[in-house]
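Numbers here simply count residues along the sequence, with the first being 1.
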Amino acid sequence: MLDVRRLRLLRELAHRGTIAAVAESLAFSPSAVSQQLSVLEREAGVPLLERTGRRVALTPAGRNLVRHAEAVLERLELAGAELADARSGLAGPLRIGTYPSAARAIIPAALAALAREHPGLEPMVTEVDPAEVAAMLRSGELDVALVHEYDFVPADPQPGLATESLFTEAMYLAAPSAGTIADHRDSPWIVAPHGTLCHAMAVRACQATGYTPRIRHQIDDFGTVLALVAAGQGVALVPQLGVADAPSGVALSRLPMARRTRTAYRAGAARHPAVAAFVTALQTALPSGLRCSTDLC
């Protein structure tokens, strides 16, 4: 009989690529992960991994087993959701991931609504870049999260996860005067740190108009970004949630592009009552200008 915990390790190896990364994400030692995967190979009766020096790759049998593991883990999530639904009242921790601008503009009202309806729940919020959410959901570090994508940076499908649309935002060019991205070929740019979706969005949006931006500052907080624009330090792209209370000296020009936010959770967890309650609280907490409609989200 194949052990579900070892199947989870194999699934994580398929997504993370190295035993060291799996060990770090699950708070194991690399030797413990290797040992458990070796036991799984004995249980399976066929080689699941190919070792070349320090690198490990999945064999065809290993990749096929990961596909079955995804289905097994989804069924376990469904079973957990049904058991939770059978209990009276919601209680215990709910680990929530969010990106900073949503943490400021939406999460407080959502948590207040959640507390009114389900006082036994203990929401625990962590700010995390959407690029890291999938791994944290699969490893159990998060139960539900807000993720976003941009027109120039669409989200890749993530095995083992499910999402649903929440809202769509307009995007703005923040600059000393009204204009377009094409007008700022020679301007210094303020973008998010390298490796984030926001960084990739800004670079690709400029490249779509024929140039690569000359990056001066890398800042992850939109309030700080707008303050730097007001100080004449460059121009930036800012989503609707980030433009509230823009300082004087900053002109905001709406662009023909958008940022879309979705809720994400492990496949099979949509019916978990705690996850469903949080999603409902989010929907009630949205400002009227962000209400999702089918044609936008």
Side-chain angles (χ1 to χ4, degrees), residues 2-5 7-12 14-15 25-26 65-99 102-103 106-126 128 130 132-149 155-168 260-286 290-294 296-297:
L2 299 177
D3 185 275
V4 172
R5 291 168 297 180
L7 287 175
R8 192 184 299 275
L9 289 176
L10 186 69
R11 192 267 300 269
E12 285 302 304
H15 291 303
S25 70
L26 300 179
L65 186 56
V66 167
R67 181 173 58 83
H68 289 292
E70 297 283 11
V72 168
L73 294 170
E74 180 175 352
R75 293 299 300 180
L76 287 175
E77 287 289 341
L78 284 168
E82 290 181 3
L83 290 173
D85 196 40
R87 304 186 192 109
S88 57
L90 295 179
L94 179 66
R95 292 155 297 190
I96 300 164
T98 182
Y99 56 89
I106 297 171
I107 293 296
L111 295 185
L114 194 65
R116 288 193 298 270
E117 296 295 326
H118 306 285
L121 273 180
E122 301 172 24
M124 303 165 64
V125 178
T126 300
V128 56
E132 300 177 13
V133 162
M136 295 181 71
L137 284 170
R138 283 194 296 262
S139 68
E141 296 172 78
L142 297 175
D143 298 309
V144 61
L146 297 184
V147 296
H148 59 60
E149 64 177 7
D156 295 325
Q158 293 290 340
L161 301 186
T163 66
E164 59 181 288
S165 298
L166 186 60
F167 63 87
T168 296
R260 294 173 174 82
T261 292
R262 306 175 69 86
T263 52
Y265 34 77
R266 288 180 291 278
R271 291 167 52 189
H272 193 289
V275 171
F278 178 65
V279 172
T280 298
L282 282 172
Q283 292 167 343
T284 62
L286 290 180
L290 293 179
R291 300 292 180 183
C292 184
S293 62
T294 304
L296 288 177
C297 290

K.L.:
Taking only residues two or more places apart in sequence, or in another chain, which ones meet Arg95 in a side-chain hydrogen bond (donor to acceptor under 3.5 Å, both in side chains)?
P.N.:
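For Arg95 the side-chain hydrogen bond (donor to acceptor under 3.5 Å, both in side chains) partners, ignoring immediate neighbours, are Asp143.
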K.L.:
If you draw a 6.0 Å radius around CD in Glu117, do more than 12 non-hydrogen atoms from other residues or ligands fall strictly inside?
P.N.:
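Not buried by this count: 12 neighbours or fewer within 6.0 Å.
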K.L.:
The criterion is ring pair (Phe, Tyr, Trp, His ring centres under 6.0 Å); which residues satisfy it with His148, sequence neighbours excluded?
P.N.:
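By the ring pair (Phe, Tyr, Trp, His ring centres under 6.0 Å) rule, His148 matches Tyr99, Tyr150.
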K.L.:
Output every pair passing salt bridge (Lys or Arg N to Asp or Glu O under 4.0 Å) with a member in residues 69-79, not counting sequence neighbours, ordered by first then second residue.
P.N.:
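Passing the test, one end in residues 69-79: Arg11-Glu70, Glu77-Arg266.
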K.L.:
Of all heavy-atom pairs between Ala285 and Ile106, which one has the smallest distance, and what is that distance?
P.N.:
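Closest approach of Ala285 to Ile106: CB-O, 4.0 Å.
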K.L.:
Looking at OG1 of Thr126 and CE of Met136, how far apart are the two atoms once the value is rounded to the nearest 0.5 Å?
P.N.:
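Separation between the atoms: 6.0 Å.
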K.L.:
Taking it one step at a time, do Leu146 and Thr263 satisfy side-chain contact (heavy atoms from CB on, under 4.5 Å)?
P.N.:
CA-CA 5 Å; Leu146 297 184; Thr263 52; 3.6 Å; yes
K.L.:
Could you walk me through whether Tyr265 and Glu164 pass the side-chain contact (heavy atoms from CB on, under 4.5 Å) check?
P.N.:
CA-CA 9 Å; Tyr265 34 77; Glu164 59 181 288; 2.8 Å; yes
K.L.:
Rounded to the nearest 0.5 Å, how far does CZ of Arg8 lie from CG of Asp3?
P.N.:
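Spacing of CG (Asp3) from CZ (Arg8) equals 10.5 Å.
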K.L.:
Is the shortest heavy-atom distance from the side chain of Pro159 to the side chain of His15 under 4.5 Å?
P.N.:
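In short, these two side chains touch, coming nearer than 4.5 Å.
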K.L.:
Check Ala113 against Ala281 and note the closest heavy-atom contact, atom names and distance.
P.N.:
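Closest approach of Ala113 to Ala281, heavy atoms only: CB-CB, 4.2 Å.
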K.L.:
Specify the closest pair of heavy atoms between Ala274 and Leu94, including all atoms of both residues, with the distance to one decimal.
P.N.:
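Ala274 and Leu94 have their closest heavy atoms at O-CD2, 3.8 Å.
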K.L.:
For Ala145 versus Val133, what's the shortest heavy-atom pair and its separation?
P.N.:
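Looking at all heavy atoms of both residues, the shortest contact is CB-CG1, 3.6 Å.
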K.L.:
Do Leu286 and Leu166 pass the side-chain contact (heavy atoms from CB on, under 4.5 Å) test, and can you show the C-alpha distance, the side-chain angles, and the key distance before you say yes or no?
P.N.:
CA-CA 9 Å; Leu286 290 180; Leu166 186 60; 4.2 Å; yes
K.L.:
So, taking the atom named CD in Glu149 and the one named OG1 in Thr163, what distance separates them when rounded to the nearest 0.5 Å?
P.N.:
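With rounding to 0.5 Å, CD (Glu149) is 8.0 Å from OG1 (Thr163).
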K.L.:
Should Leu282 and Ile107 be marked as a side-chain contact (heavy atoms from CB on, under 4.5 Å) after you check the CA-CA gap, both sets of side-chain angles, and the distance that decides it?
P.N.:
CA-CA 7 Å; Leu282 282 172; Ile107 293 296; 4.1 Å; yes
K.L.:
Just how far is it from atom CG of Leu7 to atom CD of Glu12, taken to the nearest 0.5 Å?
P.N.:
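Spacing of CG (Leu7) from CD (Glu12) equals 12.0 Å.
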K.L.:
Considering non-hydrogen atoms only, spot the tightest contact between Ser139 and Glu141 and give its length.
P.N.:
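Looks like OG-OE2, 2.8 Å.
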K.L.:
Roughly how far, to the nearest 0.5 Å, is the CZ atom of Arg262 from the CZ atom of Phe167?
P.N.:
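Going from the CZ atom of Phe167 to the CZ atom of Arg262 covers 12.0 Å.
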K.L.:
Which heavy-atom pair separates Ala270 from Ala276 by the least distance, and what is that distance?
P.N.:
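Closest approach of Ala270 to Ala276: O-CB, 3.9 Å.
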K.L.:
Report yes if the side chains of Ile96 and Leu111 come closer than 4.5 Å at any heavy-atom pair, otherwise no.
P.N.:
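Yes; the side chains approach each other to less than 4.5 Å.
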